[in-house]
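Structure, as structure tokens:
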Number of protein chains: 2
Amino acid sequence: MKSILIIEDEKAIAELERDYLESYGYTVELEGRGDIGLKKALEEQYDLIVLDVMLPKIDGFEICRQIRQTSNIPILMVTAKKEDIDKIRGLGLGADDYITKPFSPSELVARVKAHLARYERLTADKAERDESIRIRGLVIDKPSRRVMIHEKEAMLTSKEYELLLLLASHPNRVFEKEELFERIWGVDSNGDAATVTVHIRRLREKIEHDPSNPQYIDTIWGVGYRFKV
Amino acid sequence: MKSILIIEDEKAIAELERDYLESYGYTVELEGRGDIGLKKALEEQYDLIVLDVMLPKIDGFEICRQIRQTSNIPILMVTAKKEDIDKIRGLGLGADDYITKPFSPSELVARVKAHLARYERLTADKAERDESIRIRGLVIDKPSRRVMIHEKEAMLTSKEYELLLLLASHPNRVFEKEELFERIWGVDSNGDAATVTVHIRRLREKIEHDPSNPQYIDTIWGVGYRFKV
DNA sequence: TCCTTTTCTTACGAAATTATTACGTTTTTG
DNA sequence: CAAAAACGTAATAATTTCGTAAGAAAAGGA
């Protein structure tokens, strides 16, 4: 199931796009504000972005440019003005396609489909899509072992990182403390599952806004922990 | 220098396309016959293919399909009939773009350029292709194996250079010490990953302003090292 | 409400890992 | 061939991370 983010301030158009894309089986999220849209694009895990050029505050060009700093996700730019097309090209923003209003919904779907297919084709063996996990402002980048929490890096120790990665790789699954201990410390490690508690605590200290009211890692009483999504 | 193959049987059009693309610095090869074009596409090393739909004997659809069996090279399909576009899409041939005759030459160039850029972006380990790597005042010039740090040359030994190059070619990626050792000293080398530590130290001595507070090479505790960007 | 169990939280010493230095050996260079 | 440079090893110092324990707090059950 592919998920698409639409950044578009005209609600009527946005909803039209959404309805069409959803009817073709895509999961769609709407966002009317450019700044929030950019934030979402950077923090969440989408497969494609439909981006309106004309937005209040921060325009589509800038959003595109910023997304491209860290991601190769397909970006489809939507514009009412033909002149914008030259601009998109000229600036070398790295947009993957552009489509001018008014457009037929089936045109949109066709392009979305094509770009998703190509992206998959080209990134298949690189497994680029799996190299980071993005959930609600938390980004785990595996190659660099870095964790960003709302754009800011959290400096995790090795055990903390492994713990977080294991939990976040299986969202909502409850892990018993014993299992966490075994999978990270090793079966033959003679330690104690109580250690896990302390590391969870330290991890929360670093990634949770309020460690006593965790937003990411839930305690399941009498059992263990879970990464909530 | 990027090379482009044009498969097109109308000589006048083909030459027009060629002239334009060449004037933008691309190397262009023309091929009038579909079957030979397919053969070339499969056997030679092009960066992009401009493919006419209407060809005698074997048509563009079939050529596209066959190329896609073994290659992800960007394919731009050219057609005179609007109906063909739906067909290209519908068949899921994997063409990257289509352009209808008559088209302005600059339109062609713009699309070629965009697709080359995207392909590069998605497939590249960019650092591996380039002649030199430049990051924050550090320049690694591969052909000459020289390293400049803020305009001044750093005299690195062979091992130091290889270490730096490997790390800097994959910015931000964390390398385990064992992996560094294996990749530079060789798998069958009977040494110890501890020697990596010493070489990292010596490397830092030469490229870091304050080796105890490295700006380029981070230590990832319990894991290895990473070239930070 | 009170008691029991489980988790949270803190602090500190232990353990593990890396940084740094020194030195002897090997390789390269002049 | 001699001198210099590069390399690998080992020993020690410095630093970071880890594990444990113990009291506090929270959750669940009677």
Side-chain angles (χ1 to χ4, degrees), chain A residues 145 147 154-167 174-186 188-226 228, chain B residues 145-147 153-165 167 174-186 188-228:
Chain A
R145 291 178 70 105
V147 173
M155 305 303 294
L156 304 189
T157 69
S158 183
K159 288 280 187 291
E160 287 158 6
Y161 175 82
E162 287 172 40
L163 208 42
L164 176 61
L165 181 60
L166 177 55
L167 288 168
V174 177
F175 287 85
E176 295 182 14
K177 280 209 291 285
E178 287 69 23
E179 183 176 359
L180 290 173
F181 186 79
E182 283 191 1
R183 291 184 64 160
I184 290 176
W185 277 259
D188 49 327
S189 189
N190 59 349
D192 186 329
T195 295
V196 174
T197 312
V198 175
H199 280 271
I200 289 282
R201 165 79 182 104
R202 290 175 179 152
L203 179 54
R204 281 175 173 163
E205 194 71 47
K206 294 179 183 175
I207 68 170
E208 298 282 4
H209 173 61
D210 174 8
S212 304
N213 277 50
Q215 302 302 302
Y216 296 108
I217 299 177
D218 277 352
T219 299
I220 309 302
W221 237 79
V223 187
Y225 299 95
R226 149 181 89 176
K228 174 174 58 183
Chain B
R145 287 178 72 102
R146 289 207 304 184
V147 174
E153 181 166 7
M155 305 304 295
L156 303 190
T157 69
S158 172
K159 288 282 187 288
E160 287 158 6
Y161 176 81
E162 287 173 40
L163 209 42
L164 177 62
L165 181 61
L167 288 168
V174 174
F175 287 85
E176 296 183 12
K177 280 210 291 287
E178 287 69 23
E179 184 177 358
L180 289 173
F181 186 78
E182 283 192 2
R183 291 183 63 158
I184 291 176
W185 277 261
D188 48 327
S189 188
N190 58 351
D192 186 330
T195 146
V196 173
T197 312
V198 175
H199 281 269
I200 288 281
R201 165 82 181 98
R202 290 174 179 153
L203 178 54
R204 281 175 173 161
E205 193 72 48
K206 294 179 183 175
I207 67 169
E208 299 281 5
H209 172 61
D210 174 8
S212 303
N213 277 51
Q215 302 302 302
Y216 296 108
I217 300 177
D218 277 351
T219 299
I220 310 303
W221 251 81
V223 186
Y225 299 94
R226 140 181 93 187
F227 189 96
K228 174 175 57 184

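Just the heavy atoms: all of them, side chains too, but no hydrogens, waters or symmetry mates, feed the values below. In what follows, chains carry the letters A, B, and so on, assigned in the order in which the sequence lines appear, proteins first and then strands, with residues in each chain numbered from 1.
Residues Phe227(B) and Leu167(B) share a closest heavy-atom pair of CB-O, 3.5 Å. Nearest heavy atoms, Tyr225(B) versus Val196(B): CE1-CG1, 4.3 Å. When every heavy atom of Leu180(A) is checked against every heavy atom of Trp185(A), the shortest pair comes out as O-CE3, 4.1 Å.
Remark on DNA chain D: of its neighbouring residues Ala194(A) and Asp192(B), the 5'-side contact belongs to Asp192(B), judged by nearest-heavy-atom nucleotide. Summary of the strand contacts: Lys206(B) and Leu156(A) both lie near DNA chain D, and taking for each the nucleotide with the nearest heavy atom, the more 5' one is attributed to Lys206(B).
Using a distance-only test at 3.5 Å, with no hydrogens or angles considered, no donor-acceptor pair links the side chain of Arg226(A) to the main chain of Ile220(A). The backbone N or O of Glu153(B) lies less than 3.5 Å from no partner atom in the side chain of Arg146(B), so there is not a single donor-acceptor pair.
Take Arg183(B) and apply the side chain to side chain contact (heavy atoms under 4.5 Å, CB included) test, not counting sequence neighbours, and it matches Leu166(B), His170(B), Arg173(B), Phe175(B), Glu179(B). Under the side chain to side chain contact (heavy atoms under 4.5 Å, CB included) criterion, Glu178(B) pairs with Glu176(B), Ala193(B), sequence neighbours left out.
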Exercise for the section: Show the numbers, then the answer: is there a side-chain contact (heavy atoms from CB on, under 4.5 Å) between Ile200(B) and Thr219(B)? Expected result: CA-CA 10 Å; Ile200(B) 288 281; Thr219(B) 299; 5.9 Å; no

Problem - Nucleotide-resolved protein contact map, nucleotides 4-16 of chain C, B/S/- at heavy-atom distance under 4.0 Å - result: -BBSBSBB----B

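Sorted by first and then second residue, the salt bridge (charged side-chain N to carboxylate O under 4.0 Å, His left out) pairs involving residues 205-216 of chain B (not counting sequence neighbours) are Glu160(B)-Lys206(B), Arg201(B)-Glu205(B).
For the pair Lys159(B) NZ and dT27(C) C1', the computed distance is 11 Å after rounding to whole Å. Going from atom CG of Leu203(B) over to atom C1' of dA19(C) covers 14 Å, rounded to whole Å.
Put simply, chain A comes within 4.0 Å of DNA chain D, heavy atom to any atom, from dT17(D) to dG28(D), going 5' to 3'.
The strand DNA chain C forms stems, runs of 3 or more Watson-Crick or G-U wobble pairs with distances below 3.5 Å, at C:1-30 with D:1-30.
Here the CD-CG distance, from Glu162(A) to Leu203(A), works out to 12.0 Å after rounding to the nearest 0.5 Å.
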